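First up is the structure itself, then whatever we jot down about it.
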2 protein chains.
Amino acid sequence: MQEMRTEPTYAIGEFAAKVGLSAPTIRYYEREDLLKSHREANGRRYFTDTDVNWVRFLLHLKGTGMSIQDLKQYVEWRAQGDETIPNRLTLLKETRNDFMEKYREVQHHLQILNDKINWYQNKEAGKTTSTEPFAEYLKRIGHSE
Amino acid sequence: MQEMRTEPTYAIGEFAAKVGLSAPTIRYYEREDLLKSHREANGRRYFTDTDVNWVRFLLHLKGTGMSIQDLKQYVEWRAQGDETIPNRLTLLKETRNDFMEKYREVQHHLQILNDKINWYQNKEAGKTTSTEPFAEYLKRIGHSE
DNA sequence: TGTTGACTTAAAGTCCACTTTAAGATGTAA
DNA sequence: TTACATCTTAAAGTGGACTTTAAGTCAACA
């Protein structure tokens, strides 16, 4: 009794929905060589769960700030084999460094946003001298610049 | 003995440098009504430290994800007086909500990036079966999706 | 079998946030 | 006074990452 397991395949629309992109974006990524599709006899693309994982991984990298160009470079090196691992590591570490810098910056931006929200809320609650400027408020609670 | 203190003023180039933008960007922001400049008799713009603080504040808001359009709305409400404080608070809180959502997303992206860097490093150090796929590695160390 | 929806391609269009260009006026240093 | 930097404007251009259009093929269902 033999069990037949066939890997599920997805047409471009279903695939796009699965990874949270649009079908045109999938075609665009393919043109940019970020991913390869398989074709049915009739010329239509199909994708597998491996492709789903691949695109999801790409989107994680993209989400850390890598541009399409960065991703292309990464994919190109990947295709060249293990001797490009040092290159890939360098690229990923640079990505992480850039990310961490921006991360610290946005935390500061968030701090100021929170301060401003609190300032408005205090102002509405009458807890602040109605004329105290925001800059003064920031000094008073210990946030500057 | 009277001390004469004159507020320092900055020409557009100096001002732009002070806030980390280009002079054309300052003019662009002015066109978009995000800031107002003062003019010398000869028609040239000048700016004060108050303007410096204002632009820096705008850049903090922008850094949390507010678009130029959002900022315009904020500035417009601000000009309309205290009765628009609820509107402003709503806008800032929405900004914060959007920010926090993206913040959590990028933390996840960073996690995957770190995992991949570690995976490459282990691979280079021979600490991982040379054929173990990244997906398996993620499962093994407890990160999925 | 007809019609609706999903697919195919190449090329053009869009959005955002600037940036660059062009042509000219004015300020500053040698 | 001669350079040269810096300023002025309006308008056009740019880059990145898609998105939309147009014209056509193919599939799935009533």
Side-chain angles (χ1 to χ4, degrees), chain A residues 8-48 51 55-56 58-75 91 95 98-99 102 105-106 109, chain B residues 8-48 51 55-75 95 98-99 102 105-106 109:
Chain A
T9 65
Y10 312 106
I12 195 167
E14 198 182 356
F15 178 67
K18 246 179 138 55
V19 300
L21 297 172
S22 70
T25 300
I26 297 295
R27 293 191 194 99
Y28 166 66
Y29 280 11
E30 189 184 328
R31 274 200 305 284
E32 296 295 323
D33 298 321
L34 299 186
L35 58 95
K36 275 174 197 148
S37 64
H38 327 278
R39 299 285 179 142
E40 312 267 9
N42 58 26
R44 292 188 173 197
R45 292 172 180 82
Y46 70 89
F47 302 84
T48 68
D51 301 318
V55 171
R56 285 183 178 161
L58 280 185
L59 292 178
H60 282 305
L61 291 188
K62 187 162 180 295
T64 63
M66 287 179 77
S67 64
I68 299 290
Q69 278 311 307
D70 288 339
L71 293 173
K72 286 183 74 161
Q73 178 65 80
Y74 178 83
V75 169
L91 175 57
T95 298
D98 295 351
F99 178 94
K102 292 215 168 184
E105 285 169 9
V106 300
H109 298 319
Chain B
T9 65
Y10 312 106
I12 194 169
E14 199 182 356
F15 178 67
K18 245 176 139 56
V19 299
L21 297 172
S22 70
T25 300
I26 296 296
R27 293 190 194 100
Y28 166 67
Y29 280 11
E30 188 184 328
R31 273 199 306 284
E32 295 295 323
D33 298 321
L34 298 186
L35 58 95
K36 276 173 195 148
S37 63
H38 327 279
R39 299 286 179 140
E40 312 267 8
N42 58 25
R44 292 186 171 195
R45 291 172 181 83
Y46 70 89
F47 302 86
T48 68
D51 301 319
V55 171
R56 285 182 178 161
F57 173 62
L58 281 185
L59 292 178
H60 282 305
L61 291 187
K62 187 162 182 295
T64 63
M66 288 179 77
S67 64
I68 298 290
Q69 278 310 308
D70 289 337
L71 293 174
K72 285 183 75 160
Q73 177 64 263
Y74 179 83
V75 169
T95 298
D98 295 351
F99 178 94
K102 292 215 169 185
E105 285 169 8
V106 300
H109 297 320

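These numbers were taken from a predicted model, which means no experiment stands behind them.
- Nearest heavy atoms, B:Leu59 versus B:Val19: CD1-O, 3.5 Å.
- For the segment residues 36-44 of chain A, the set of residues with a heavy atom within less than 4.0 Å of an atom of DNA chain D comprises A:Asn42, A:Arg44, in numerical order.
- Atom NZ in B:Lys72 sits roughly 14 Å away from atom C1' in C:dC18 (whole-Å rounding).
- Residue A:Tyr46 is out of contact with every strand shown, counting any heavy-atom pair closer than 4.0 Å.
- Using a 4.0 Å heavy-atom cutoff across all strands shown, A:Ala11 reaches sugar-phosphate atoms only and no base atom.
- Contacts of A:Arg27 with the nucleic acid, taken as non-hydrogen atoms under 4.0 Å apart, include base atoms.
- With rounding to whole Å, A:Tyr28 atom OH is found 18 Å from C:dT14 atom P.
- For the pair B:Ala23 and A:Leu21, both in contact range of DNA chain D, the more 5′-proximal nearest nucleotide belongs to B:Ala23.
- The residue among B:Ser67 and B:Pro24 whose nearest nucleotide of DNA chain C is located toward the 5' end is B:Ser67.
- Across all their heavy atoms, B:Phe99 and B:Thr64 have their closest contact at CD1-O, 3.4 Å.
- A heavy-atom distance below 4.5 Å is found between the side chains of B:Glu105 and B:His109.
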Open item on the list: side chain to side chain contact (heavy atoms under 4.5 Å, CB included) for B:Ile68 and B:Tyr29? Distances and angles first, verdict last.
Closed with: CA-CA 9 Å; B:Ile68 298 290; B:Tyr29 280 11; 3.7 Å; yes
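- For B:Ile26 and C:dC18, the CD1 to P distance is 10 Å, given to the nearest whole Å.
- Here the range on DNA chain D touched by chain B, meaning any atom under 4.0 Å from one of its heavy atoms, is D:dT6 to D:dT9.
- In this structure, the side chain of B:Arg44 does not engage the main chain of B:Ile12 through any donor-acceptor pair within 3.5 Å.
- Distance CG (B:Leu71) to C1' (C:dA17): 12 Å, rounded to an integer number of Å.
- In this structure, A:Phe15 atom CZ and C:dA6 atom C1' are separated by 17 Å, rounded to whole Å.
- If you take CG of B:Leu34 and P of C:dC16, they are 14 Å apart, rounded to a whole angstrom.
- Within the 4.5 Å cutoff, no side-chain heavy atoms of B:Asp33 are placed close to those of B:Val75.
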- [ ] Apply the test side chain to side chain contact (heavy atoms under 4.5 Å, CB included) to residues A:Phe15 and A:Val55: give CA-CA distance (whole Å), side-chain angles for both, the deciding distance (0.1 Å), then the verdict.
- [x] CA-CA 10 Å; A:Phe15 178 67; A:Val55 171; 3.7 Å; yes
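- Rounded to whole angstrom, the span from the CG atom of B:Asp33 across to the P atom of C:dA17 amounts to 15 Å.
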Open item on the list: I'd like to know whether B:Asp51 forms a side-chain hydrogen bond (donor to acceptor under 3.5 Å, both in side chains) with B:Thr48, so could you lay out the CA-CA distance, the side-chain angles of the two residues, the decisive distance to 0.1 Å, and finally the verdict.
Closed with: CA-CA 5 Å; B:Asp51 301 319; B:Thr48 68; 3.3 Å; yes
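- For A:Glu14 and C:dA6, the CD to P distance is 12 Å, given to the nearest whole Å.
- Remark: A:Arg39 engages A:Glu30 in a salt bridge, criterion side-chain N to carboxylate O under 4.0 Å.
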